[in-house]
Amino acid sequence: MKTIDELLAEGVAGKRVFVRADLNVPLDGTTITDDGRIRAVLPTISKLAEAGARVVVASHLGRPKGAPDPAFSLAPAAARLGELLGADVAFATDTVGDSARAAVAGLADGQVAVIENLRFNAGETSKDDAERAAFADQLAELADVYVGDGFGAVHRKHASVFDLPARLPHYAGYLIATEVGVLKKLTTDVKRPYAVVLGGAKVSDKLGVIDHLLERADRILIGGGMAYTFLKAKGYEVGSSLLQEDQIPAVREYLSRAEEKGVEFVLPVDVVVAPAFPDLKTKAPAHPTTVAADAMPEGQMGLDNGPETNKLYASKLADAATVFWNGPMGVFEHPDFADGTRAVAQALVDSPAFSVVGGGDSAAAVRILGFDENAFGHISTGGGASLEYLEGKTLPGLAALED
Ligand SMILES: Nc1ncnc2c1ncn2[C@@H]1O[C@H](COP(=O)(O)OP(=O)(O)O)[C@@H](O)[C@H]1O
Ligand SMILES: O=C(OP(=O)(O)O)[C@H](O)COP(=O)(O)O
C-alpha cells in the first residue's frame, strides 16, 4: 500500500487529489454534535493543501436513498472543515454534476473543495458492478490522484471506496494508516482477558462478528439495541424494542457455542424502558422506568442498560487486559438513556486495560459525555470497519489501496 508520504515525495502541487473521507458526523438538524471524524482527517487534508494540491474532499453522510435529501447534506461538515482548516472551503451542491465540476475547476493550488453527499447518487452504494463503475468513472473525472482516508467506510464495497481507486493512482491517508496500525495489535498479540462490548443500533450489520469473537474473546458483553435480540432468544418479552427477529436462531447458536467454549456471554440483567423512542430534538422527558430484563412489559421499548447491569459490566471490565467496545449501551443522545454508555466509558477509564473504542456514535458518545479522549487506548472512527478488520475479513476499501 502506498502512503500519502510517498505521494507528497512525488509532488502534488497543482494536482487534483480526491480524498475519500468519512465525514459521517452526528447532526442535530444542521448542528454537528461531534466533529471528531472531521478532525481525524485534517492531517491528510492540510498536508496535501500545504503541498499545493487541489484537494477534492468526498464522503457519505447517513443513509439517504440514492437521491438528494437536504436532511443528509454535507454542507455543515464542509463549513466545519473550513473552520478547522482556517481557510475557505468551496462546497459543491452535487457530486458529479455542474456544481462539482465548477468547484473543482475553480480550485487554486492549496485550496479545498467538498462535494455533496456521495450517497445522493444511487451508483455509490449499488450492488450492481456496472452501476457503481459508471459512477466511479464520473468521479474519476474530478481528480488526478486518489487518497483513501475514510476508515469508517472501508468495509463498504461502494463506488468511491472500492471502484474509484482502481481508476486513479491511489494512496492511503494518515488516518487509515493509524487505524490499521492500532487494530493490527488486537489481531496479533492481544493480552488476556480480552473483553468485547457490543451495542448500538446497526444490529443486522454487526451480529455476525460474534461468530468470530467466539474464537477470540474471553468475554462478550452485549448492550444497546443489540441486547433485545438476545433477550428474546432467551424467551423474554422485549416489547417494542429493536429486534432482529430473523437472527434469533443464530443468536441461540452463539449462546450455546459460548457455553461449550467457555466464553463468558454477559447480557443485561435490568433495562431502562419507556413507552416510545425519545424525542432527541426537544429532549423532552421520556418517562423511563427500570425493569428486570426478564420482566419487560409489553408495549415498552428498551432504551438503556439498567443500574444493576451497569455495575455488572463495570466488574467484567475491571480486570480485563484488553477491551474493544463498539456501540452505545443506550440512546445516549437523550439524558434519560445515557447512563449505560457513561458506565461503560467510566469502567474503561478506571480499568488498566488497553481499550479501543470504535464507531462514529460510540466515539462521539464518549466525547459528548465529557470523557477525556486520552483516557482510552485508541478511539477509532470506524465501528463496522474495525469489527470487520478484527474479524480478518478483506475490507474492500483497504484492498483497493493495495498496489
Ligand atoms: N436500545 C436501543 N434502541 C435503539 N437505538 C439504540 C439503543 N441503544 C443504542 N441505540 C442507538 O445506537 C446508535 C449507534 O449505533 P451504531 O451506529 O451501531 O454505533 P457506532 O456508530 O458507534 O458504530 C446511537 O444513535 C444510539 O442512540
Ligand atoms: O458510521 C459509520 O459506521 P459505524 O456506525 O459502524 O461507525 C460509517 O460512516 C459507515 O456508515 P454506514 O454504516 O452507513 O455504511
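Please read these numbers as outputs of a predicted model, since none were measured by experiment. Start at 1 and go down the list; that is how both ligands and their atoms are numbered.
Distance CG/L398 to NZ/K393: 13.5 Å, rounded to 0.5 Å. Atom OH of Y174 and atom CG of D5 lie 3.5 Å apart (nearest 0.5 Å). Atom-to-atom distance recorded for F354:CZ and Y194:OH is 10.0 Å, nearest 0.5 angstrom. Within the model, atoms OG1 of T229 and CD of E245 stand 8.5 Å from one another, a figure rounded to the nearest 0.5 Å. With values rounded to the nearest 0.5 angstrom, L74 atom CG is found 11.5 Å from F72 atom CZ. Between atom OG1 of residue T381 and atom CG of residue N24 there is a gap of 10.5 Å, rounded to the nearest 0.5 Å.
Close contacts between ligand 2 and D22 involve ligand atoms 8 (C), 9 (O) [criterion: under 4.0 Å to a heavy atom]. The ligand atoms of ligand 1 that sit less than 4.0 angstrom from a heavy atom of G200 are 12 (O), 15 (O), 18 (O). Against a heavy-atom cut-off of under 4.0 Å, R156 is close to the following atoms of ligand 2: 12 (P), 13 (O), 15 (O). Set against the non-hydrogen atoms of G359, the atoms of ligand 2 under 4.0 Å away are 7 (O). Heavy-atom contacts of R63 reach the following atoms of ligand 2: 12 (P), 13 (O), 14 (O) (cutoff under 4.0 Å). Against a heavy-atom cut-off of under 4.0 Å, G383 is close to the following atoms of ligand 2: 4 (P), 6 (O), 7 (O). Counting atoms of ligand 2 from 1 in the listed order, those under 4.0 Å from a heavy atom of N24 are 1 (O), 2 (C), 8 (C), 9 (O), 11 (O). For ligand 2, the atoms sitting less than 4.0 Å from at least one non-hydrogen atom of H60 are 8 (C), 9 (O), 10 (C), 11 (O), numbered in the order shown with element in parentheses.
For E388, no heavy-atom contact with ligand 2 is shorter than 4.0 Å. Under 4.0 Å from ligand 1, not a single heavy atom of M301 appears.
In this structure, atom 6 (O) of ligand 2 lies nearest to the protein heavy atom G384 N, 2.7 Å. For atom 3 (O) of ligand 2, the closest non-hydrogen atom of the protein is K202 NZ, 3.2 Å. From the protein, the heavy atom lying nearest to atom 22 (O) of ligand 1 is S362 OG, 2.5 Å. In terms of protein heavy-atom proximity, atom 27 (O) of ligand 1 is closest to E333 OE1, 2.7 Å. Given atom 18 (O) of ligand 1, the protein heavy atom at minimum distance is K206 NZ, 3.0 Å.
Backbone and side-chain nitrogen or oxygen atoms of F277 are examined, and none is located within less than 3.5 angstrom of a nitrogen or oxygen of ligand 1. At under 3.5 Å, a nitrogen or oxygen of G360, whether backbone or side chain, sits near a nitrogen or oxygen of ligand 2. In terms of N/O distances under 3.5 Å, ligand 2 is not approached by H155. The distance criterion of under 3.5 Å between nitrogen or oxygen atoms is met by K206 with respect to ligand 2. Here's the thing with A201: one of its N/O atoms is less than 3.5 angstrom from an N/O atom of ligand 1. For ligand 1, the polar-atom distance check against D304 finds no nitrogen or oxygen pair separated by under 3.5 Å.
Listed by first and then second residue, the salt bridge (Lys or Arg N to Asp or Glu O under 4.0 Å) pairs involving residues 95-110 are R54-D109, D98-R101 (not counting sequence neighbours). The stretch residues 205-218 participates, sequence neighbours left out, in these salt bridge (Lys or Arg N to Asp or Glu O under 4.0 Å) pairs: R63-D205, R156-D205, R192-D218, D211-R257, E215-R257, E215-K261.
The shortest heavy-atom distance from Y228 to ligand 1 is under 4.0 Å. Remark: distances from the non-hydrogen atoms of H334 to ligand 1 are all 4.0 Å or more. Ligand 2 has no atom lying under 4.0 Å from any heavy atom of H158.
Within a 6.0 Å sphere centred on CG of D88, other residues, nucleotides and ligands contribute 12 heavy atoms or fewer. For E10, the CD atom is densely surrounded, since the number of other residues' heavy atoms within 6.0 Å is greater than 12. Counted within 6.0 Å of NZ on K234, heavy atoms from surrounding residues, nucleotides or ligands total 12 or fewer; the atom is thus considered open. With a 6.0 Å radius and a threshold of 12 heavy atoms from other residues, nucleotides or ligands, K15 has its NZ atom above the threshold.
Salt bridge present: E124 and R20 bring a charged side-chain N and a carboxylate O closer than 4.0 Å. A salt bridge does not link E50 to K47: none of the charged nitrogens lies less than 4.0 Å from a carboxylate oxygen.
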Full working for side-chain contact (heavy atoms from CB on, under 4.5 Å) between M329 and T341: CA-CA 5 Å; M329 294 291 99; T341 303; 3.8 Å; yes
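Remark: among candidates S380, P278, G330, the nearest residue to atom 9 (C) of ligand 1 is G330, based on non-hydrogen atoms. The residue from S241, A227, G224, G302 that puts a heavy atom closest to atom 3 (N) of ligand 1 is G302. The residue from N305, L280, V331 that puts a heavy atom closest to atom 4 (C) of ligand 1 is V331. The option from G383, G359, P328, G225 that lies nearest to atom 19 (O) of ligand 1, judged by heavy atoms, is P328. Of the listed residues (V271, N326, L242, D361), the one carrying the non-hydrogen atom nearest atom 21 (O) of ligand 1 is D361.
Between F265 and Y254, the gap from one ring centroid to the other reaches at least 6.0 Å.
With hydrogens and angles ignored, the 3.5 Å screen pairs a side-chain donor or acceptor of S99 with a backbone N or O of T93.
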